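Structure, as structure tokens:
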Amino acid sequence: MCGISGAVGLNNISELLFEGIKNLEYRGYDSCGVALMKNNRILVKKDIGGVEEFYRKHNVIQLKSKIGIAHTRWATHGKVTQENTHPFISSDGNFAVVHNGIISNYRPLRDKLKKEGFNFRSGTDTEVLAHLLEKFYKCSRNVEKAFIKTLSVIEGTFALAFISSYLPEQIFCAKRESPLMLGIGDEIKFVGSDFNAFIDHTKNAVILDDGEYAILSRDAYVVKSILSEEEVTKPITKIEWDSETSKKGGYPHYMLKEIYEQPQTISNALDLEPSGLDGVVDMFSKARNSYFLGVGTTYYVAKYAKYIFSQLSQEFFPSISSDEFQALANVDKHSLVFCASQSGETFDTLSALKHAKSKGARIAAVVNVMGSSIARLVDKVIIQGSGPEICVISTKAALSQMVILTLLAMKLALKKKVITRKTYNQHLQALRELPEIIQGVLNERSGFIHRLASKYSASRNWLYLGRGVYYPIALEAALKMKEVAYVHAEGMPGGFLKHGTLAMIDDDVFSIVFVPPPEDKVLYESTLHSIEEIRARSGFVLGIHFTPQGKNQDLYSEELILPKVPPLVAPLVQLVIGQLFAYFTAISLKRNIDKPRFLAKSVTVA
Ligand code: AGP
């Protein structure tokens, strides 16, 4: 949701800024721009389009400077135009600002500033910041004071950074409810929306909290409270991610790379420190009512948790989409709210957790990004260890979260004595086999899925069907198809079909059915009924199943046969097929795989 990158150093930083926003492009990629200090004057270059295109077109690397800020945008206020691209410069040209978030009171501020003679060139909320800085500087003749005054009149959420020709060797930045962190190197300092802005240059980070601002120069940095203006001592966070994992490593797209990393990320999940998981299980066992939360893909992860917990621990836990949480849940000090979030920054989930906390509920999370807002807010966090997920479409993070939630459900079931140690060990063994099973599926089935996806890439309507725990898998696989291929795909429980949607079956509606292994007798047979219902109306069915070749041969229009796997992990294996099917369909349709249109990786606005 917009990426901010800034650097101040001993030598030219133009190239570092380029790398910084390039690494943040997954947060937004409508347009981008940079402000550099050159001979104590601010030079701004900006344009619509991606980072590489922008840098090439404007020859930005050639513009040498030792201090600058850059931005890659995901539009919220104002269309995608060059005028609306960050950075924004004050009327007198002495301040340049980049911002992530929403200044909710920008309209009255803008109207007032216009009356005072400030010249607005964009339709964005951010531009008021540049003019306010100029206005307040004129009163105090002090950049820091002008900054504090600006922060005191703006409402809403922000992570922002600016440079000023009055203090040409410093970067100022602040945050409220949008992530921002500093990178601390020798003779170089960075500011960024996340670690990726500077991970290639330093692994020492300082994570800003809400209500803090910082001033960076080549050799020093200071963090202060916006309210008291007093210095705050901040710990240095060591980034554990390896910068190489953020690179494409020979794969054509991050999405494919991240799908192929899943055997490893599942192993990482299974190797997590048991005491961290046990602490969360303890919270579940003590709570009177618990909820699973997430939004988008992580809502489907939460939905998966609802099924797996009901199945294994024999207790019903509702799942709620984070954005609907306040409207639905009634929580108090006896409640537990557990969320899944890849980024740890998603506004809807963060707001739901804050609401739950304000009501006295205990809150916990599984999160991929250490040091993220959710990771720091909750009472207990499980850092899933999946490494950076760069593609906007979540794959490896979601699958690892499902594995962790399966493990939590097993542990809770054991604690409640609704399963024996023997059953627990059998389930654990099944999970331990999963990385190898998925590796085999990736190695042996990718080519077939590619051909299948190419063959049906012209199909514009898909129904994704699953029953029981396969229903959230169908939903998540359908979301992959929608977001990467821009193809209509509707996830639905198999049993729901005959209550209305069946009327749609014709030559233009294609169904993909996630069939459980035959050992899961009840679910398996009921899923076959759904398939029969479609086939009886001459509908097309692609069956993804575990039944040996030749059995139920005539049931499917097309079939993808998977090797026999333990039933516990079968839905997770099928999700990988769904991911690949969406990926290869998008390839056939020549979509922008890692950066689909209109989307951003972490949605930090309401
Ligand atoms: C995933 O493919 C999506 N792009 C999106 O639905 C995402 O899962 C959602 O925005 C939640 O993000 P989070 O996991 O970072 O909280």
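All ligand and atom numbering here is 1-based and tracks the order in the structure. Owing to the predicted nature of the structure, the values given are computational and were not obtained by experimental measurement.
Of the possible polar contacts, one joining the E258 side chain to the C391 backbone as a donor-acceptor pair under 3.5 Å is found. Judged by distance alone, the side chain of D594 and the main-chain N or O of H253 form no donor-acceptor pair under 3.5 Å.
No side-chain donor-acceptor contact under 3.5 Å links Q342 and S394.
A heavy-atom distance below 4.5 Å is found between the side chains of M370 and F195. Counting heavy atoms from C-beta on, the side chains of N23 and F198 never come closer than 4.5 Å.
For ligand 1, the 4.0 Å heavy-atom shell contains residues V295, G296, T297, T298, S341, Q342, S343, T346, V392, I393, S394, K480, E483.
A salt bridge links K22 to E25: at least one charged side-chain nitrogen sits closer than 4.0 Å to a carboxylate oxygen.
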